[in-house]
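A short write-up of the structure that comes next.
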Amino acid sequence: MANLHIIDHPLVQHKISLLRDKNTGTKEFRELVSEIAMFICYEATRDLPLKEIELETPLAVAKTKIISGRKLAFIPILRAGLGMTEGVTTLVPAAKIGHIGIFRDPQTHTSVKYYSKLPEDIAERDAIIVDPMLATGNSACAAISELKSHGVKNIKFMCIICSPEGVDNVRKTHPDVDIYAGVMDEKLNDENYIVPGVGDAGDRIFGTK
Ligand code: URA
């Protein structure tokens, strides 16, 4: 069963409270999403393997550690996931970035992939999908399936707020994928928004409403 990691650090919790406030404007909202993404990414990368190397400091030879092994890719789900990209790439500048676009078919209510552009070597990379809101989990599941269909073996999912329904869905559909979130909210409303949530994260990041 996939693990759910809630990053309950006081700075993350404080910044999520600022996000929730309906009076928080676009500029501040965007900055907060990026900062929170950085903190959550710090935890999501905790298990990156290290190797020991030797190098010369100005004073002596040091045995010291660097990240080794498989490389990383971040995969923002369009469009709100873009708001987390700057934060996560600040921490891992060498990571490549793929994009997956998914919309909900109004007739069938299923998640439809309309865009996918992944690094050529994605099958050799570990992938962290980023999307601020894990609501129904349908987009998350579709994005995970898309990565698996390209041969990606090690996938994590990062969000800022998750719902119990979304976590259940990902856990059932993709039990091998760990979820990293800042907080789990109460429920989804009839329109599949997370309550209390932050409203429409994409609109608030890009100022489209
Ligand atoms: N997407 C959002 O932007 N907000 C929600 O509450 C749910 C999905």
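Computed from a prediction, not measured in an experiment: that's the story for all the values here. Whatever order the structure lists them in is the order used to number ligands and atoms, beginning at 1. Residues take their numbers from the sequence shown, with the count starting at 1.
Contact annotation for A201 and ligand 1: heavy atoms of both the backbone and the side chain come within less than 4.0 Å of the ligand.
Atom 5 (C) of ligand 1 has as its closest protein heavy atom Y193 CD2, 3.4 Å.
Salt bridge status for R125 with D121: present, with a side-chain N to carboxylate O gap under 4.0 Å. A salt bridge between E35 and K15 is present, with a side-chain N of the basic residue lying under 4.0 Å from a carboxylate O of the acidic one. Ionic pairing of R171 and D176 is not present here: no N-O contact between side-chain nitrogen and carboxylate oxygen is shorter than 4.0 angstrom. Between D185 and R20 a salt bridge is recorded (basic side-chain N to carboxylate O distance below 4.0 Å).
Listed by atom number, the atoms of ligand 1 under 4.0 Å from A135 heavy atoms are 7 (C), 8 (C). Atom numbering of ligand 1 starts at 1 in the shown order; those under 4.0 Å from a heavy atom of N192 are 7 (C). Within the listing of ligand 1, atoms 2 (C), 3 (O), 4 (N), 5 (C), 6 (O) sit less than 4.0 angstrom from a heavy atom of G199.
Heavy-atom separations between V198 and ligand 1 are all 4.0 Å or longer.
Evaluated for a side chain to side chain donor-acceptor pair (under 3.5 Å) with K156, the options D126, N3, D178, D47 yield exactly one hit, D47.
Ligand 1 has an N or O atom lying under 3.5 Å from an N or O atom of I194, backbone or side chain.
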With a cut-off of 3.5 Å and sequence neighbours excluded, list every side-chain donor-acceptor pair involving residues 110-117.
| from | atom 1 | to | atom 2 | distance (Å) |
| --- | --- | --- | --- | --- |
| T110 | OG1 | T108 | OG1 | 2.7 |
| K113 | NZ | E146 | OE1 | 3.1 |
| S116 | OG | E146 | OE2 | 2.6 |

